[in-house]
Amino acid sequence: MSDSTQQLKEIVVISGKGGTGKTSLTASFAMLGGDRIVTADCDVDAADMHLLLQPEDSISEPFFSGEAAVVEPDKCLGCGRCARVCRWDAFKQIAGGKYRVNQLDCEGCGYCARICPAGAITMVEQQIGHCYNSRIRNGGRMIHARLQIGAENSGKLVAKVKNDAKQLARDTGKQLVLVDGSPGIGCPVVSSLSGASYVILVTEPTVSGLHDLQRVAELVIKFNIPAGGIINKADLNPESAALIRRFLSEHSITLLNELPYDESFSSAMTAGKTVLEEGSPQLRQIIRNNWNTVCTAVCGGELNS
Amino acid sequence: MKLIITAANNNPQSDVDPRFGRAAWLIVHDTETGEYSAIDNSKNKSAPGGAGPQTARIVIENGASVVITGNGPGASAAEVLRQGKLKVFTGAAGMSVEQAVSAYRADKLTEFQPA
């Protein structure tokens, strides 16, 4: 085994469906991991783990992705070829007959820049948000990002957040990176899963909870990553919970735990805290046991300080 | 036969990059001559989208028959590789490129099953 990758492990928490409690649990795990881990929020489209962990003293860095067309008014002949080839209707003719790009409509394909006879259009790299390296209140560090209005998450941004978290972990001698993964099964979640040592699938006993779990579990199985499942709010629908249990067992996914429906998930969120801090002693114990089980599976024992 | 291994750096001692589409380098290994060469994949590593299929295209254009990586290509890249009739082997994360080639020869990697 090569040295640099042997020690560092990576746990990725995903759910497929939103609202299952994924981020609430990940934030609790981040509190348990303390300064022995680095936490990464790759759920960048709807980043909300910072609301629970309230990171401070952020070091920020702008993030660029994709390009958009910009017209140089002095060179524009007003011929309108750009507007005719644009599939997104991003060009508007302005007073004086020249053309201008609406940046929000531009997809960055570059066709206009290629065919402009006056060479008036250039493709400019877009800053779409910021990445942050911050401290959370238990002394651990967190890598996260914030997108600008209208910008979307991408495999690129997820890869950057994850790679930054891994680099920070290596530089500071941590053995584990905890990742709040992206939703769905597309590019960002593929990027979230790449390189994972273990995946925690958080689901709930609903029709869409099971459906989305099946879709994302298919990806995890194809990627050959060991996985464990948590059924949150398991007592709300015993029939659906039974279907989920059966699905997990048929696919050799360990059932890590079942959590009862608990209003402290909502009250913790409102208080800007984690369920680990706000929940009942029983709930805290379940979450603590979960974390220890996963750490043992991934690192061969509980995390060393 | 040519193997392509996703790698973090440009030589046979590099770590395997567990990512497919956004792998930093692609190392080509010719099993007949034993030679290694490297393809810079940084353009796809930082592509705003389509990194997987574009990397798959490079793999095909370089005449490889086998891809070795960590977890595997996503659905879109897997489809491109399938049409290019490539075999994909995963489970090489944590190995060096040379170790991954040995593991492939010893039949110790997992064949990736698209869909």
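This one's a predicted model, so the numbers in the text were calculated from it and none came from an experiment. By convention in this document, chain letters (A, B, ...) are assigned in the order of the sequence lines, proteins followed by strands, and residues within each chain are numbered from 1.
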For [X], does the [atom1] atom have more than 12 heavy-atom neighbours from other residues, nucleotides or ligands under 6.0 Å away?
X	atom1	answer
Y111(A)	OH	no
D171(A)	CG	yes
R57(B)	CZ	yes
R215(A)	CZ	yes
K45(B)	NZ	no

Fill in: Region of A78(B) in contact with chain A, defined by heavy-atom distances below 4.5 Å
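Neither part, no heavy atoms under 4.5 Å.
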
Practice prompt. Using non-hydrogen atoms and a 4.5 Å limit, figure out which bit of T110(B) sits close to chain A: side chain, backbone, both or neither.
Written response: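 Just the side chain, heavy atoms under 4.5 Å.
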
Worksheet entry | Most chain B-contacting option - heavy-atom pairs closer than 4.5 Å, from A159(A), C187(A), S197(A), G186(A) |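 Counting heavy-atom pairs under 4.5 Å, the top option is A159(A).
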
Worksheet item: Can you tell which of G66(A), G155(A), A196(A) has the highest number of heavy-atom pairs within less than 4.5 Å of chain B?
Response: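 Most pairs with chain B among the choices: G155(A).
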
Side chain to side chain, [X] and [Y], heavy atoms closer than 4.5 Å:
X	Y	result
S154(A)	P48(B)	no
K156(A)	R22(B)	yes
I225(A)	N71(B)	yes

Discussion item. So which atom in G195(A) and which in P18(B) form the shortest heavy-atom distance, rounded to 0.1 Å?
Written reply: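 G195(A) and P18(B) have their closest heavy atoms at CA-CB, 3.6 Å.
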
Worksheet item: Checking heavy atoms, do the side chain of S191(A), its backbone, both or neither come under 4.5 Å from chain B?
Response: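 S191(A) touches chain B through backbone and side-chain heavy atoms alike.
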
Discussion item. Under 4.5 Å from any heavy atom of chain B, what part of L193(A) do you find: side chain, backbone, both or neither?
Written reply: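 Backbone only.
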
Discussion item. Using 0.5 Å steps for rounding, measure from the CD atom of Q113(B) to the CG atom of N224(A).
Written reply: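 Between Q113(B) CD and N224(A) CG, I get 10.5 Å after rounding to 0.5 Å.
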
